[in-house]
Amino acid sequence: LSYTGLAFILAAATCWGLYLVLARRLAIGPRRADGLAAAMAVSAIWLLPLALYRSPTALADPRVLGLGAAIGLFSSAVPYSLELLAMRRVSATVYGVLLSLQPLVAALMGFVLLGQRPGALEAFGFLLVIAASIGVNLTEAGAARELEATPAGP
């Protein structure tokens, strides 16, 4: 058992929780696209000094800039925009569990594109996450039906 590893796990869980809470607020707020655009701009400015230090001449290459823009668009801007749309339509609980399916999707892409095969332990973990996702969605749907069927009080 590694205490350092546990500390990193707790830190990652805390950051993940903060992300869900802040993203939910952004998703249901009146200026959704503005917040996402600001976050993308801040992250680009944050990484610019490192990029200039590591490879100052590459940033002057139009091909590199074009590839960087495409990567930013397809790996961040589009997925996060879709996440914000999803967050507006489902509860935070359902969204959090559905988001936990991302490693499964990554493993499927690794299998299809790279021929990577998950081991038995990883496959079992994916099955547990899928079961949790199904359970939370069924529970949430049942609770919503029950709420709709309950007559309004005085």
Side-chain angles (χ1 to χ4, degrees), residues 1-138 140-141:
L1 181 64
S2 168
Y3 292 113
T4 304
L6 286 175
F8 280 118
I9 289 170
L10 290 174
T14 301
C15 289
W16 195 246
L18 287 171
Y19 164 75
L20 288 174
V21 169
L22 294 174
R24 179 81 176 170
R25 286 186 184 168
L26 179 64
I28 61 175
R31 304 182 72 169
R32 295 176 298 274
D34 293 350
L36 180 59
M40 298 292 290
V42 167
S43 66
I45 291 168
W46 181 263
L47 293 173
L48 184 62
L50 179 64
L52 289 172
Y53 173 75
R54 296 278 306 192
S55 187
T57 57
L59 291 179
D61 183 357
R63 182 171 172 259
V64 171
L65 291 175
L67 286 172
I71 289 169
L73 181 68
F74 293 115
S75 71
S76 296
V78 170
Y80 287 135
S81 296
L82 294 174
E83 282 187 15
L84 291 177
L85 287 173
M87 269 192 235
R88 291 177 52 209
R89 290 177 171 75
V90 299
S91 72
T93 304
V94 171
Y95 178 77
V97 173
L98 291 175
L99 206 57
S100 69
L101 294 173
Q102 286 182 342
L104 174 62
V105 173
L108 288 173
M109 291 297 105
F111 176 74
V112 170
L113 299 175
L114 304 173
Q116 297 174 336
R117 299 191 188 282
L121 188 60
E122 289 90 357
F124 182 67
F126 291 142
L127 289 176
L128 291 175
V129 170
I130 290 168
S133 177
I134 291 169
V136 166
N137 282 296
L138 290 176
E140 187 83 13

Query raised in the report: Is the number of heavy atoms from other residues, nucleotides or ligands within 6.0 Å of OH (Tyr19) greater than 12?
Result: yes
**Report entry** side-chain contact (heavy atoms from CB on, under 4.5 Å) between Ile130 and Leu104, worked out
**Finding:** CA-CA 9 Å; Ile130 290 168; Leu104 174 62; 3.5 Å; yes
Query raised in the report: How long is the gap from CG on Leu50 to OG on Ser55, to the nearest 0.5 Å?
Result: 10.5 Å
Query raised in the report: Which distance, rounded to the nearest 0.5 Å, do you find between the CZ of Phe126 and the CG of Leu121?
Result: 10.0 Å
Query - For Leu73 against Pro79, the heavy-atom pair lying closest together - result: O-CD, 3.9 Å
**Report entry** Considering all heavy atoms, the nearest Gln116-Pro118 contact
**Finding:** O-CD, 3.9 Å
Query raised in the report: Could you give the distance from CG (Leu108) to CG (Leu113), rounded to the nearest 0.5 Å?
Result: 10.5 Å
